[in-house]
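In the text below, chain A, chain B and the rest are named by the order of the sequence lines, each starting its count at 1.
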Amino acid sequence: MTTTRIKGFADIFPPMSDIFTHMENVAREVFARCGFVELRTPLLEFTDLFQRSIGEETDVVQKEMYTFPDRKGRLLTLRPEATAGVMRAYIESGLANRESVSRLFTTGPMFRHERPQKGRMRQFHQINCECLGSQSPLADAELINMLLLFLDKLGINDVILHINSLGCSTCRQSYKSALQEYLRGKTADLLCEDCVRRMETNPLRVLDCKQQGCRDITAQAPKLLDYNCPECRTHFQTVLRLLRERGLNYELDHRLVRGLDYYCRTTFEVVSNSIGAQAAVAGGGRYDGLIKLLGGPDVPGVGFACGMERLALILSNVHQHQLLFYLIAMDQTSREQGWLLTQKLRDGGLTGEMNFSESGFKGLMRQAGKSGAKYCLILGPDEALQHNVVIKNLVSGKQECVPQKDALQYLLKEIHSND
RNA sequence: GCGGAAGUAGCUCAGUUGGCAGAGCACCUGGUUGUGGCCCAGGUGGCCGUGGGUUCAAGUCCCACCUUUCGCCCCA
């Protein structure tokens, strides 16, 4: 029996690994411009952290976490999302005492024990951004703007921004009661089994049920926005106005409630219609009470998470790494000379590869053509004797024999003249 | 966790009422003694997902499991 991957855990090879690297590079560039700094937090945390932040009643906590005891019997959990760990680090380091607003981003793997599916792995990767310390709607708008800018830089623009406001804890509470009252007024058999239960435990989740019967009922239900208090309403209207003035399109989505308990006020989601059922590419919102809930200062926050596997599904323009030269050699002496030459060209900043095999010349040339390199460097007994090398442009077919010591200069000049 | 579909060469897949394991692409070699891509000829490559069962005989029929996939639930 051979060893295999764990179900839902993927080996990421090129070109997929190149796409991941590219996404991270673009993210760093965009986020840095907005003043975000990178924070790397552990993959393992005490289970308690996630239970308290994500919410005991959520599906993530109840059935999707990888939880196990350490050698002293304490319960540890592989992080199912990033925000909780970032909050813990923020509190533990006392960052709030050193700066009034912290802009943090983090990337890396997350773990959820779900049934794998297209766009959903048990180990998956996220890019996360959190802005802590500002309750201003400008912060909400900045994050959404930055997220869309990031996607745009990746060449992704056929996505839709869904947005809604849950209100603060007080107006949310009054909405909850109103919704429950509305739902109880309906005959129970119109709702699906899950929603009958949710109606009591977490009525907001009835809103985003996909069953047609439930949708019909909730279409006429009271709307969250109508129950927002004046402060929440002003906050949300400002966010929307800023988005409009930036020329960013959005769709008000009264059903968007999201599954983690800590969200309040602004919530948003970016969806794509080209990657199947798991369509949410990124999601986030405001979580003003969370840091206090975890034992920290009463600092507001807003953030988002972006799913890298799902982004990668959308990315069509594959970012391939491109070789400039490909060196082939025909016997032991020229192979060793060629190996040294390859290292020197790399020292000079050029990207290239050498073929080590003892194949026939035709095979070597075929490999060179297949490599996608622009130049083929050829070394045989004749060249080795004279310390020369043949440099062939594989696009134009033009070739020239030059001293090995001049090869770097020759190639640099060639690149330059073609620009 | 629940429901549908699929698993045969590196990849995409054919394989008839159960009867010798196939094609295209890719790869390697040669046509061209040291010049790639196009063309031509040849070649390598398979525990037919795994384990049981039925049968003279199973890629094919039956059962279980594993994996993938499309949905549900939920989420990135």
Side-chain angles (χ1 to χ4, degrees), chain A residues 1-2 4-10 13 23 54 57-64 79-83 107-129 147 159 192-195 197-198 202 205 208-211 256-260 263 268-272 275-284 303-314 326 328-331 334 355 357 359-384 390-399 401:
Chain A
M1 196 57 177
T2 52
T4 60
R5 303 183 331 258
I6 301 172
K7 179 174 178 168
F9 288 63
F13 284 91
M23 284 191 287
I54 298 171
E57 296 306 313
T58 58
D59 283 354
V60 170
V61 168
Q62 289 206 337
K63 46 187 198 192
E64 296 174 1
R79 63 180 186 193
E81 56 103 48
T83 302
T107 76
M110 309 294 156
F111 305 84
R112 290 183 199 172
H113 193 107
E114 300 179 89
R115 177 90 168 245
Q117 185 177 328
K118 182 179 178 185
R120 185 169 71 193
M121 294 282 117
R122 288 183 174 178
Q123 174 175 329
F124 61 104
H125 299 78
Q126 284 189 339
I127 297 176
N128 266 262
C129 287
L147 171 59
V159 289
C192 72
E193 209 176 301
D194 287 328
C195 284
R197 178 176 45 78
R198 280 192 280 238
N202 196 349
R205 295 224 61 87
D208 66 353
C209 182
K210 289 181 188 90
Q211 302 281 330
L256 180 63
V257 297
R258 304 187 52 73
L260 310 181
Y263 286 115
F268 55 92
E269 221 170 73
V270 174
V271 301
S272 162
I275 56 173
Q278 306 307 318
V281 166
F304 67 78
C306 196
M308 295 182 73
E309 279 79 2
R310 293 183 189 177
L311 282 186
L313 285 174
I314 304 177
Y326 190 91
I328 62 178
M330 298 165 66
D331 65 339
S334 50
N355 188 305
S357 77
S359 322
F361 189 69
K362 189 188 176 91
L364 290 171
M365 278 307 294
R366 246 205 286 267
Q367 294 294 327
K370 212 181 63 174
S371 75
K374 187 161 182 198
Y375 296 94
C376 179
L377 273 56
I378 304 166
L379 271 171
D382 300 346
E383 288 81 10
V390 171
I391 299 180
K392 174 168 183 168
N393 183 322
L394 288 172
V395 182
S396 67
K398 184 186 81 173
Q399 72 178 45
C401 186

Euclidean distance, atom CD of residue A/Glu64 to atom P of B/rC75 [Å, nearest integer]
8 Å
Would you please name every residue forming a side chain to side chain donor-acceptor pair (under 3.5 Å) with A/Arg310, sequence neighbours left out?
none
Counting any heavy atom closer than 4.0 Å, what does A/Arg5 reach on the DNA or RNA strands: base, sugar-phosphate only, or nothing?
sugar-phosphate
Whole-Å gap separating C1' (B/rG71) and CD (A/Gln117):
6 Å
A/Pro116 meets the side-chain contact (heavy atoms from CB on, under 4.5 Å) criterion, sequence neighbours left out, with A/Lys7, A/Arg122
Separation of atom CZ in A/Arg112 from atom C1' in B/rC73, rounded to whole Å
14 Å
What pairs with A/Ser357 under side chain to side chain donor-acceptor pair (under 3.5 Å), at least two apart in sequence or on another chain?
A/Asn355, A/Ser359
When you match A/Met121 and A/Lys118 each to their closest nucleotide on RNA chain B, which lands nearer the 5' end?
A/Lys118
Contacts of A/Arg205 meeting salt bridge (Lys or Arg N to Asp or Glu O under 4.0 Å) (sequence neighbours excluded), chain-then-number -> A/Asp208
Within-4.5 Å side-chain heavy-atom neighbours: A/Lys118 and A/Leu313:
yes
Using atom P of each nucleotide, how far apart are B/rG49 and B/rA41 to the nearest Å?
32 Å
Between B/rG59 and B/rG52, how far is it from one P atom to the other, in whole Å?
14 Å
Between A/Pro116 and A/Gly283, which has a closest nucleotide on RNA chain B that is more 5'?
A/Pro116
With sequence neighbours left out, the residues meeting side-chain contact (heavy atoms from CB on, under 4.5 Å) with A/Ser334 are A/Ala329, A/Asp331, A/Leu379, A/Ala384
Taken in chain and number order and not counting sequence neighbours, the residues that satisfy side chain to side chain donor-acceptor pair (under 3.5 Å) with A/Ser272 are A/Ser274
Roughly how far apart, to the nearest Å, are B/rC39 and B/rC56 at atom C1'?
50 Å
Just call it for A/Gly8: base, sugar-phosphate, or nothing, with non-hydrogen atoms closer than 4.0 Å on any strand.
sugar-phosphate
Can you check the A/Lys7 NZ to B/rC65 P distance for me, whole Å?
12 Å
Euclidean distance for P, B/rC48 against B/rG36 (whole angstrom):
40 Å
Whole-Å distance between B/rC2 C1' and A/Glu114 CD?
14 Å
Could you tell me whether the phosphate oxygens of B/rC73, OP1 or OP2, come under 4.0 Å of any side-chain nitrogen or oxygen in A/Arg205?
no
Please give, in whole Å, the distance from B/rC66 P to A/Arg122 CZ?
11 Å
With rounding to the closest Å, how many angstrom separate the C1' atoms on B/rU17 and B/rU60?
11 Å
So, does the side chain of A/Arg115 form a donor-acceptor pair with the base of B/rG71 at under 3.5 Å?
no
Expected string for nucleotides 31-44 of chain B under the B/S/- scheme (protein heavy atoms, under 4.0 Å, primed atoms plus P, OP1, OP2 as sugar-phosphate) is B--BBBB-------
Reading nucleotides 7-12 of chain B from the 5' end, what letters show protein touch, with B for base, S for backbone sugar-phosphate only, - for no heavy atom under 4.0 Å?
------
Report the residues that fulfil side chain to side chain donor-acceptor pair (under 3.5 Å) with A/Glu64, sequence neighbours left out, ordered by chain and then residue number.
none
With rounding to the closest Å, how many angstrom separate the P atoms on B/rC13 and B/rU69?
14 Å
Does the side chain of A/Met365 come within less than 4.5 Å of A/Lys362's, by heavy atoms?
no
Inter-nucleotide C1' distance (B/rA58, B/rU8), Å rounded
14 Å
Length of the CD-P vector between A/Glu309 and B/rC75, whole Å
18 Å
Residues forming a side-chain contact (heavy atoms from CB on, under 4.5 Å) with A/Met121, sequence neighbours excluded
A/Ala10, A/Phe124, A/Glu309
By the 4.0 Å heavy-atom rule, please label A/Glu269 as base, sugar-phosphate, or nothing.
nothing
Using the C1' atom as the reference point in each nucleotide, state the distance between B/rC38 and B/rG31 in Å, no decimals.
14 Å
Bracket string, RNA chain B, 5' to 3' - pairs by Watson-Crick or G-U geometry under 3.5 Å, | interstrand:
(((((((..((((.....[..)))).(((((.......))))).....(((((..]....))))))))))))....
Quick one, A/Leu256 and A/Glu269 - any side-chain contact, counting heavy atoms below 4.5 Å?
yes
I want to check something: taking the side chain as every heavy atom from C-beta on, are A/Phe361 and A/Ile328 in contact at a cut-off of under 4.5 Å?
yes
Can you tell me the distance, in whole Å, between the CZ atom of A/Phe111 and the C1' atom of B/rA76?
14 Å
Sorted by chain and number, sequence neighbours left out, side-chain contact (heavy atoms from CB on, under 4.5 Å) with A/Gln117 holds for A/Arg120, A/Ala277, A/Gln278
